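FYI, the numbering just counts along the sequence from 1. Whatever order the structure lists ligands and atoms in, that order sets their numbers, starting from 1. Not measured: the values here are computed from a predicted model. For the numbers below, each heavy atom of this structure counts, side chains included, while hydrogens, waters and symmetry mates do not.
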Amino acid sequence: MKRYPFIAGNWKMNKTVGEALELVRGLKSSLQDMAEVEVAIAPPFTALFPVAQELKGSSIHLASQNLFWEEKGAFTGEISPVMLKEIHCRYVIIGHSERRQYFGETDATVNRRIKAALKFDLKVIFCIGETLEEREEGKTFTVLERQVEGGLKDLVEKEVKDMVVAYEPVWAIGTGKTATPEQAEEVHLSIRRKIERLYSREISEGIRIQYGGSVTPENIKGLMERENIDGALVGGASLKAETFSRIVRFKEM
Ligand code: PEP
């Protein structure tokens, strides 16, 4: 089945508003004729609104790096789905390993956030991935199954249909170590099979699975050649227009 490739840039806690606008302008000009790949960028919260303004009329989508499950209220430091909808945010990254590692995110809170995003018609980039220790102990597939089951708990077919899963082995994030295309493909296939068992073949074949973990212009092509790798979630290499654009233009290499 042909799935439309999807490359997203996660800027994490980088870029002031001025820097963000400069980067977006660079991306708009280098990706203006890009039609074969869907592109999204996830700036930090302070830059979301100005970046949304700058993206008007462009095919680059806006993504948030997180969201809270309540609509409003006394939740200091959080951002609501309503606020993200208002500024035309299309995607939200949920369950990134840095949220799990440093901010107490669990499968249960990931599940609550996913439900809130779907309720407000935000598309979800659902991150999962094993740590180095878990991989070395041979627990990769068990951990991923648990994360998929927990994150998607109580969700029905029509809710997961448009979801994007990002497989990000924690040992490959920001480390310069990439999973080989073979390693990634093996895991992507297992995630697809798991989704098929939970839902149906139709659903699992339609869901896009991105790879994330030290993706660069040099390694993207090899990854994208694999049948079950449908895109990438890019951290470090998304912070420069030139490198991110080369990743998005992987087909031209
Ligand atoms: C990420 O944070 O989603 C990521 C994959 O980071 P990096 O590309 O820097 O490894």
Side-chain angles (χ1 to χ4, degrees), residues 5-15 19-20 23 27 37-45 47-48 51 60-67 89-105 110 113-114 117 123-132 134-135 140 143-144 147-148 151 163-181 183-185 187-188 191 208-224 226 228-250:
F6 180 30
I7 310 272
N10 173 14
W11 297 1
K12 310 191 185 190
M13 199 175 70
N14 294 293
K15 305 289 176 192
E19 291 164 346
L23 176 49
L27 291 173
V37 176
E38 183 176 1
V39 180
I41 49 173
F45 288 146
L48 275 177
V51 167
I60 301 172
H61 293 130
L62 188 66
S64 164
Q65 298 176 20
N66 195 14
L67 96 175
C89 195
R90 188 179 182 97
Y91 285 96
V92 55
I93 299 173
I94 298 181
H96 191 280
S97 68
E98 286 150 18
R99 302 291 322 164
R100 295 179 191 256
Q101 204 175 338
Y102 306 130
F103 302 101
E105 192 83 76
V110 166
R113 288 183 217 279
I114 291 179
K123 290 178 188 286
V124 172
I125 302 176
F126 167 36
C127 301
I128 55 175
E130 82 287 2
T131 61
L132 183 58
E134 288 162 342
R135 176 162 278 261
T140 300
V143 168
L144 293 170
Q147 291 177 338
V148 169
M163 187 168 289
V164 176
V165 175
Y167 166 57
E168 300 207 303
V170 180
W171 47 271
I173 296 183
T175 57
K177 281 189 211 155
T178 330
T180 62
Q183 278 174 324
E185 171 65 15
V187 175
H188 282 223
I191 295 167
R208 293 180 293 180
I209 307 179
Q210 295 177 317
Y211 167 77
S214 300
V215 171
T216 63
E218 287 71 40
N219 59 29
I220 183 72
K221 198 168 164 62
L223 289 159
M224 292 302 292
R226 298 297 161 138
N228 287 288
I229 303 181
D230 310 310
L233 182 54
V234 185
S238 70
L239 296 174
K240 285 200 180 124
E242 197 261 336
T243 34
F244 190 62
S245 303
R246 280 166 61 209
I247 292 174
V248 172
R249 293 183 174 280
F250 68 93

Sequence neighbours left out, what passes side chain to side chain contact (heavy atoms under 4.5 Å, CB included) with [X]? Give chain and number order.
X: Glu19; result: Lys15, Thr16
X: Pro5; result: Val37, Met224, Phe250, Lys251
X: Ala179; result: Pro169, Trp171, Gln183, Ala184, Tyr211

If you count only heavy atoms, which residues are under 4.0 Å from ligand 1?
->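 Close residues (ligand 1, cut-off 4.0 Å): Asn10, Lys12, His96, Glu168, Ala172, Ile173, Gly174, Gly212, Gly213, Ser214, Leu233, Val234, Gly235, Gly236.
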Can you tell me if Arg99 uses its side chain to pair, donor with acceptor, with the backbone of Ile94 under 3.5 Å?
-> no
Any donor-acceptor pair under 3.5 Å from Asn66 side chain to Arg113 backbone |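 No.
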Under 3.5 Å, is there a donor-acceptor pair linking the side chains of His96 and Glu168?
-> yes
